[in-house]
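Encoded as structure tokens, the structure appears first; notes follow it.
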Number of protein chains: 2
Amino acid sequence: MENVYIPHLSVDCVLFGFDEKQLKVLVVKRDRVPGENPDLHSGLFKLPGRLIYEDEFLEDAASKLIKELTSSDDIHMQQFQVFGNPNRIQSPNDLLWLQTQTRLPIRRVVTIAFYALIKIEEDLTDMLERHNARWINLPEVKGLAFDHDEILQEAYAHLKKELTTSPLEFNLLPEYFTLNSLQSLYEVILDQHFDNRNFRKKILKMSYLVETDKTEQKVTHRPAKLYRFDADKYAQNQREMSLFFL
Amino acid sequence: MENVYIPHLSVDCVLFGFDEKQLKVLVVKRDRVPGENPDLHSGLFKLPGRLIYEDEFLEDAASKLIKELTSSDDIHMQQFQVFGNPNRIQSPNDLLWLQTQTRLPIRRVVTIAFYALIKIEEDLTDMLERHNARWINLPEVKGLAFDHDEILQEAYAHLKKELTTSPLEFNLLPEYFTLNSLQSLYEVILDQHFDNRNFRKKILKMSYLVETDKTEQKVTHRPAKLYRFDADKYAQNQREMSLFFL
DNA sequence: CAACTTAACGTACAAATAACGTTTAGTGTT
DNA sequence: AACACTAAACGTTATTTGTACGTTAAGTTG
């Protein structure tokens, strides 16, 4: 009874990345299968995902997918919505691919969607190539297989909402970053402009954002200080906050 | 192929109600089945829920459950989390009940949890009795079957968070209500005290909260004005807000 | 060392919040 | 009808936070 798929259940992952100016999404190529209608050109990319095994934790399935693509364990990841319409697999090509891939007589799949925040790094490129995966700018992603366009939009809506509640930003930025990168991230994700001086004042009030003695490199003007996220101070803060509710 | 259960998938609903002073949850009795261990006294109540049918929308399954219990169609309801641990059915009694109930060799069930906001009304009492259902004050609910205690806690956490974002309050209050009821609702759900005068000022700024010419009845002192929620004005507001993001 | 560019700091005003006090309109009692 | 009682409804002020700008400082390049 090992590694048997539950034919009705899958996980799909929306992996977000940020590269200073753009919010990006990781999509993987969906191979053509024999018998497909070759005239349908949409659906050639999809979100990373698969059916889950009979004894598998949902979170584990998602984690494993993410680890395969990024070789990283420590990723911010969260289940955000279930997509379960009986008719969510519209395209015959998609259904055929799924059946070929799994060798199961699949009709309906309910998928649990996760989103994850990834620090885009150069040394990922090889690994991604091997999985036929690539980063695409969020606004340019369309025509994904299944209902993955919709899943992506919901994931983005969720990210937007969450970012205003908790400091997710540090999961998308490198360890050391400038305040301007941080601002840019907020502007891109929330699709909103911020006054640089006010943004700076506001964000610096956060105790978990700490200055370092490093500075920006290879710029043709005054280099900015680099900051980092202090997870301990954040946890400390959270603990202090929750005391109010005792 | 009609009304065939998917043995791995269910919905569970957390129905919240409010009765002026307390946040309440609707639980239903889980009947004893032959072969049970009668010494186990926990798990005799559960959240409303059931397996879903092969061609059924998740939302429909949840809606139907809610309609059966409240005979109301127009209920604020939202999927909020999936509970899918392979070992989430811990109690042998629970598993046995599930198998007896469904006549299926069930091992693992992934459940999609919904929460819904109900206006508690007197004329519901009969209907609830027929379904062995009853309202319990949130803090007193414990020892539910399956992992329903956990589901309930997550639902409550979710409600708390959502209430600070959108005006869910009107789904829990009767059509006409006093500002004090409204305040009490906020205080109970958010577990936080508010200054009556400041609360009043803040909430009255909301255009969707409108005064009526009705007043509180049967009180032994100056009766308060009754207010109501103006859904149109709220929708209008939402539309205006979203124009900023164009 | 001057010109340039962006980082980093500062100020003034408006709006929102928090912590209070006061008046008013009902009910029930003498 | 005058009174006390109770909670509703309204008001005031100091403080904090947010917004919209102007100014100075520190590095790079030629």
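Reminder, nothing fancy here: chain letters follow the sequence lines and each chain counts from 1. In this text the structure is predicted, and so the values were computed from the model without any measurement. Side chains are part of it too, since the values below use all heavy atoms of this structure and drop only hydrogens, waters and symmetry mates.
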How many Å lie between [atom1] on [X] and [atom2] on [N], as a whole number?
X	N	atom1	atom2	value
A/M206	D/dT17	CE	P	10 Å
B/K202	D/dG11	NZ	C1'	19 Å
B/D195	D/dA9	CG	P	15 Å
A/L204	C/dA7	CG	P	13 Å
B/F199	C/dA16	CZ	C1'	16 Å
B/Q192	C/dA18	CD	C1'	13 Å
A/E216	D/dT28	CD	C1'	12 Å

Salt bridge (Lys or Arg N to Asp or Glu O under 4.0 Å) partners for B/E211, two or more places apart: B/K225
Residue list, salt bridge (Lys or Arg N to Asp or Glu O under 4.0 Å) with B/E162, at least two apart or on another chain: A/K161
Aromatic plane relationship, A/Y115 with A/H76 - under 30° parallel, 30 to 60° tilted, over 60° perpendicular: tilted
Listing time: all N or O pairs from protein to nucleotides 11-15 of chain C that are below 3.5 Å?
unit_1, atom_1, unit_2, atom_2, d
C/dT11, O4, A/K201, NZ, 2.8

B/R200 vs D/dA9: side-chain N/O to OP1/OP2 distance below 4.0 Å: yes
Listed partners of A/F83 passing ring pair (Phe, Tyr, Trp, His ring centres under 6.0 Å), at least two apart: none
Listed partners of B/H221 passing ring pair (Phe, Tyr, Trp, His ring centres under 6.0 Å), at least two apart: none
A/T178 and A/S181: CA distance, side-chain angles, deciding distance, side-chain hydrogen bond (donor to acceptor under 3.5 Å, both in side chains) verdict: CA-CA 5 Å; A/T178 66; A/S181 304; 2.9 Å; yes
By side-chain contact (heavy atoms from CB on, under 4.5 Å) - contacts of A/Q153 (at least two apart): A/Y156
Between protein and nucleotides 22-28 of chain C, what N or O pairs are separated by less than 3.5 Å?
unit_1, atom_1, unit_2, atom_2, d
C/dT24, O2, B/R222, NH1, 2.8
C/dA25, O4', B/R222, NE, 3.3
C/dA25, O4', B/R222, NH1, 3.1

Sequence neighbours excluded, every pair satisfying salt bridge (charged side-chain N to carboxylate O under 4.0 Å, His left out) that has a member inside residues 129-149 of chain A: A/R88-A/D147
Residue pairs passing the salt bridge (charged side-chain N to carboxylate O under 4.0 Å, His left out) test where at least one lies in residues 13-29 of chain A, sequence neighbours excluded: A/D19-A/K24
Closest to side chain of B/K225, choosing from C/dA8, D/dA9, D/dG18: D/dA9
Determine all donor-acceptor pairs shorter than 3.5 Å in which one atom belongs to a side chain in residues 65-73 of chain B; sequence neighbours excluded.
unit_1, atom_1, unit_2, atom_2, d
B/K67, NZ, B/D73, OD1, 3.4
B/K67, NZ, B/D73, OD2, 3.2
B/T70, OG1, B/I66, O, 2.8
B/T70, OG1, B/S72, N, 3.3

Those residues of residues 174-187 of chain A lying under 4.0 Å from DNA chain D by at least one heavy atom: none
Under 3.5 Å, which donor-acceptor pairs do the side chains of residues 167-175 of chain A form with other protein atoms, sequence neighbours left out?
unit_1, atom_1, unit_2, atom_2, d
A/E169, OE1, A/Y186, OH, 2.8
A/E169, OE2, A/Y186, OH, 3.0
A/N171, ND2, A/L168, O, 3.1

